Number of protein chains: 2
Amino acid sequence: MKLITKQTDYAVRALGYLSGRGDTFISSGEIARAENIPASFLRRIMQVLIKAGIVAAREGKNGGVRLAVNPATVRMIQLIELFQGKIELSDCMVRKDICPNRRTCALRTKIQQAERRLFQDIGKTRLSELI
Amino acid sequence: MKLITKQTDYAVRALGYLSGRGDTFISSGEIARAENIPASFLRRIMQVLIKAGIVAAREGKNGGVRLAVNPATVRMIQLIELFQGKIELSDCMVRKDICPNRRTCALRTKIQQAERRLFQDIGKTRLSELI
DNA sequence: TTAAACTAATACTAAAATGGTGTCAGAATG
DNA sequence: CATTCTGACACCATTTTAGTATTAGTTTAA
């Protein structure tokens with residue numbers, strides 16, 4: 001059971017790398033080499049970050065990517081949801097039909113409690129705190 | 001992203017059912033019907049619980065399963081690890097070679113914090129609290 | 001003005017995890 | 001001895017995750 005997939009992990013590392021490089025555009029290739037991430041995989045990851053507005057891209061030679069926001073405004077929960085989808089915990093919260101005694105399902109309550117905590121802990125952590 | 005898979009979910013529901021039935025042996029089939037769980041799937045799940053010593057089985061006609069331990073001693077973390085494996089969070093904690101700057105990896109620290117909390121919240125929850 | 005170094009977009013494949021089924025054997029019971 | 005169970009697996013389908021590749025288009029610099 002993994003809480004953080006490679007995509008999220010790679011994204012954090014790439015963003016960390018970028019945050020140390022100011023305003024200059026860095027190529028995905030350079031990041032991939034430096035952080036030991038498969039290059040084409042990282043490119044796809046970058047495109048997600050670009051569409052999310054977290055990094056900005058510049059095409060062409062000497063192009064690349066750079067942070068588009070202050071690292072203090074990027075939260076782990078945003079990255080996790082971007083690459084792993086919303087935290088669902090268990091189907092019984094999503095597909096309400098499958099749990100016969102849903103109303104009194106105590107597991108559900110417990111799990112929701114845990115969810116709230118998880119949001120507090122890794123969720124609200126800012127990218128700036130990681131670098 | 002899911003914290004609880006169906007196997008774990010089914011296991012909890014089955015154990016909940018058993019906990020209301022005292023010392024008599026109940027067939028997997030009956031539990032499956034009552035809790036709306038695919039029968040053969042539940043059978044496989046029960047075998048795991050049996051091997052883990054959480055339920056005891058009796059073969060043959062009028063056989064079945066029953067709780068082998070006090071529900072208060074069964075913790076969610078045990079069930080999660082049984083069916084979903086240990087909580088690993090990210091590879092950078094497991095395969096120490098892949099993260100180049102592991103020593104100062106701040107994500108690692110944060111994630112470990114979250115892990116501890118997660119253990120407290122759903123992990124240490126007792127089966128008896130869920131039923 | 002063209003080659004080189006980039007991103008954009010997306011299709012594709014491989015591997016692993018998850019969810020679910022089926023079967024054959026053997027034990028207990030009535 | 002037929003029925004109702006578990007034991008022990010092998011098998012399959014689907015989804016998720018990881019990773020590769022390809023074609024097109026943009027920018028720059030020689």
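Here is how names work: the chains are called A, B, and so on, in the same order as the sequence lines, proteins then strands, and each is numbered from 1. Note that the coordinates shown come from a computational prediction; the quantities given were computed from them, not determined experimentally.
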Options dT7(C), dA8(D), dT10(C), nucleotide nearest the side-chain atoms of A57(A): dT7(C)

Distance-only donor-acceptor test (3.5 Å): side chain Q47(B), base dA8(D): yes

Phosphate OP1/OP2 of dA16(C): any K2(A) side-chain N/O under 4.0 Å: no

E59(A) side-chain proximity, nearest of dG25(D), dG19(D), dT21(C): dG25(D)

Q84(A) CD - dA16(C) P separation (whole Å): 19 Å

Base dA9(C) to side chain R44(A), donor-acceptor N/O within 3.5 Å cut-off: no

Nearest-nucleotide 5' precedence on DNA chain C, G29(A) against F41(B): G29(A)

Gap between atoms CZ and P, on F25(A) and dA8(C) respectively (whole Å): 11 Å

Nucleotide dT6(D), atom P - distance to NZ of K51(B) in whole Å: 15 Å

Sugar-phosphate, base or nothing in reach of Q7(A), heavy atoms under 4.0 Å: sugar-phosphate

Between P of dC6(C) and CD1 of I50(A), the distance in whole Å: 14 Å

Touch class at under 4.0 angstrom, heavy-atom based, for R58(A) against every strand present: sugar-phosphate

Candidates dG20(C), dG19(C), dA8(D) - which lies nearest the side chain of P38(B): dG20(C)

L15(B): which of L49(B), I31(B), V69(B) passes side chain to side chain contact (heavy atoms under 4.5 Å, CB included): L49(B)

side-chain N/O Y10(A) vs dA18(D) OP1/OP2, d < 4.0 Å: no

Side-chain heavy atoms of I80(A) within contact of M1(B), under 4.5 Å: yes

Phosphate-side-chain proximity, S28(A) and dT7(C), N/O vs OP1/OP2 below 4.0 Å: yes

Touch class at under 4.0 angstrom, heavy-atom based, for S27(A) against every strand present: sugar-phosphate

Side chain proximity check, L79(A) to Q84(A), heavy atoms < 4.5 angstrom: no

K6(A) NZ - dT20(D) P separation (whole Å): 11 Å

d(CD1, I45(A); P, dT20(D)) in whole Å: 11 Å

Among dT18(C), dA11(C), dA5(C), the nucleotide that comes nearest once only the side chain of K61(A) is considered: dA5(C)

Minimum side-chain heavy-atom gap M76(A)-V12(A) below 4.5 Å: yes

Residues R75(A), E81(A): salt bridge by 4.0 Å N-O rule: no

Interatomic distance where CZ belongs to R33(B) and C1' belongs to dC5(D) [whole Å]: 12 Å

E30(A) CD - dC6(C) P separation (whole Å): 9 Å

